[in-house]
There are 2 protein chains.
Amino acid sequence: MYRIGELAKQCEVKADTLRFYEKHGLLAPSSRSDSGYRLYNEHDAERLRFILRAKAVGFTLAEITELLSIELDKSNWACADVKGMVDGKLEHVNQKIAELKHFQVSLERLSDACCGGPESAEHCSILEALESNTDSIKCENHGHHHDSSQYTKNCQSKG
Amino acid sequence: MYRIGELAKQCEVKADTLRFYEKHGLLAPSSRSDSGYRLYNEHDAERLRFILRAKAVGFTLAEITELLSIELDKSNWACADVKGMVDGKLEHVNQKIAELKHFQVSLERLSDACCGGPESAEHCSILEALESNTDSIKCENHGHHHDSSQYTKNCQSKG
DNA sequence: ATAAACCTTGGAGTTAAATCTAAGGTCAAG
DNA sequence: CTTGACCTTAGATTTAACTCCAAGGTTTAT
C-alpha cells in the first residue's frame with residue numbers, strides 16, 4: 001500500500017494530480033487509513049500507469065475515462081457495445097501509429113542525411129522532409145549512393 | 001490561394017485557431033490581399049497539416065514550434081545541432097510508437113476475445129487486457145485453442 | 001514532546017490552447 | 001446600393017489539466 005506521496009513520486013507526478021484524477025473519477029485509492037490518508041495498492045498503481053501512458057500518446061482525460069469505463073459497468077453492457085467501443089478506439093490508435101510512423105520516417109531520413117558535423121546546416125532541408133511526406137529529401141549533391149550510406153550526406157563546409 | 005475560412009474548413013479547424021497559430025509564430029499566411037485578407041498557399045496548408053498531425057499524436061504547440069524552428073534559422077545552426085535535435089525528437093516519437101503498440105495489442109486482443117454478441121460483457125476482462133500488459137487476457141473458459149481463432153471467445157449468455 | 005515531513009479539504013490561481021465578442025471593413029449577388 | 005457572408009483587430013472568456021495555498025490533522029525521529 002502506497003500513500004499518495006509515494007505513488008506520486010514513483011510515477012513522477014504531483015500528489016495534487018492524483019487528487020485531481022480522483023475528483024474527476026479516473027483513479028480512486030482502493031482504501032483509506034484510519035486517519036483518512038489515501039492508500040493505493042498495486043492495482044491502483046497499474047491503473048495510474050495506464051492513464052499516464054494513454055495521456056502520453058495524446059488521449060484526453062475524457063477519452064481515457066471512456067476507455068476505463070468499459071470496465072466499470074461492464075456487466076451492464078452487451079458484448080456488442082464493448083466490441084464496438086474497443087474497435088473505435090483501436091481505429092483511433094491505429095491512426096495515431098500511422099501518423100507517428102510518418103514522423104519517424106521523416107526524422108530518420110533527416111537524421112541520416114545530416115552529417116552531424118560542425119558545418120552550417122543550411123543544406124539540410126528539414127521542413128521538406130518533415131512537412132511534405134515526399135519520398136526523398138531535397139539534397140544538394142543528389143543522384144548517387146555509395147555502400148557506406150543509403151542517404152546522401154548533404155552538409156557543406158562554409159567557406 | 002485560400003482565404004482563412006477556406007483553409008480552416010479544409011483542415012477542420014476554426015479560423016480563430018489559424019489566427020491564434022499566427023500570433024504564436026506557428027503559421028503565417030504567405031501573403032495578404034489588398035484589403036488585408038490573409039492568403040494561404042499550398043505550402044502554408046502543408047505546414048498546417050504538419051502542425052495538426054503533430055498535435056494529434058500528443059506534441060504540444062511549444063514542441064511543434066521547436067520542430068519547425070529547425071528550418072527557420074537553419075543557416076545559423078551547425079549540422080551537429082540539427083542532428084542532435086532531430087535525434088532527440090526521434091527518440092520521443094519512437095517511444096510514443098512503442099506505447100501505442102502496447103495499446104494496439106491490448107485492444108486487438110480484447111476485440112478478438114469478445115464475441116460481439118448481445119450477451120452481457122461481464123466476462124470480457126477489459127482492464128486486465130488494457131492495464132497490465134500481460135500476455136493473455138483473463139478468460140472464463142480458457143485452456144484450449146481451435147483453428148478458427150487464436151483467442152478464446154469468452155462472452156457467456158446470461159441465464 | 002516537539003519539530004519536520006507527511007497528510008486532509010476546499011477553493012483559488014495558472015498555463016495552454018483555443019474560442020468568443022464587439023465594432024467595423026470588403027465583396028459578390030440581386 | 002444594400003444584404004449577407006465573408007474578413008479585420010483587440011481583447012475578454014472558456015476549457016482542460018493541473019498546481020498552489022491556507023488551515024489544520026497525523027506520523028516519525030530525536
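In what follows, chains are A, B, ... by sequence order, proteins preceding strands, each numbered from 1.
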At a 4.0 Å cut-off to heavy atoms of chain A, the contacted part of DNA chain D spans dA17(D) to dT27(D)
Taken in chain and number order and not counting sequence neighbours, the residues that satisfy salt bridge (charged side-chain N to carboxylate O under 4.0 Å, His left out) with Glu66(A) are Lys89(A)
Subject >> Short side-chain donor-acceptor distance under 3.5 Å, Tyr2(B) and Glu42(B) >> reply: yes
Given protein heavy atoms under 4.0 Å, the one-letter contact record of nucleotides 15-20 of chain C, with B base, S sugar-phosphate only and - none, is simply --BBBB
Rounded to the nearest angstrom, tell me the gap between atom [atom1] in [X] and atom [atom2] in [N].
{"X": "Glu22(A)", "N": "dC7(C)", "atom1": "CD", "atom2": "C1'", "value": "13 Å"}
{"X": "Leu18(A)", "N": "dT8(C)", "atom1": "CG", "atom2": "C1'", "value": "14 Å"}
{"X": "Glu6(A)", "N": "dA5(C)", "atom1": "CD", "atom2": "C1'", "value": "12 Å"}

Residues at least two apart in sequence or cross-chain that pass ring-ring contact (aromatic ring centres under 6.0 Å, His included) with Phe59(B), listed by chain then number, are Phe103(A), His92(B)
For Tyr37(A), the ring-ring contact (aromatic ring centres under 6.0 Å, His included) test, sequence neighbours excluded, returns none
N/O contacts under 3.5 Å, protein versus nucleotides 27-29 of chain C?
residue: dC27(C); atom: OP1; partner: Ser35(B); partner atom: OG; Å: 3.1

Taking every heavy atom of Arg38(A) against every heavy atom of Pro29(A), the minimum-distance pair comes out as CG-CG, 3.6 Å
Minimal heavy-atom distance between Val57(A) and Lys96(B), with the atoms involved, is CG1-O, 3.7 Å
Are Arg49(A) and Glu46(A) within salt-bridge range, i.e. N to O under 4.0 Å?
yes
*Charged N to carboxylate O below 4.0 Å: is that the case for Arg47(B) and Asp44(B)?*
no
| Does Ser33(A) reach the side chain of Leu39(A), with side-chain heavy atoms less than 4.5 Å apart? | yes
If you count heavy atoms of other groups shown closer than 6.0 angstrom to CD of Glu91(A), is the number above 12? no
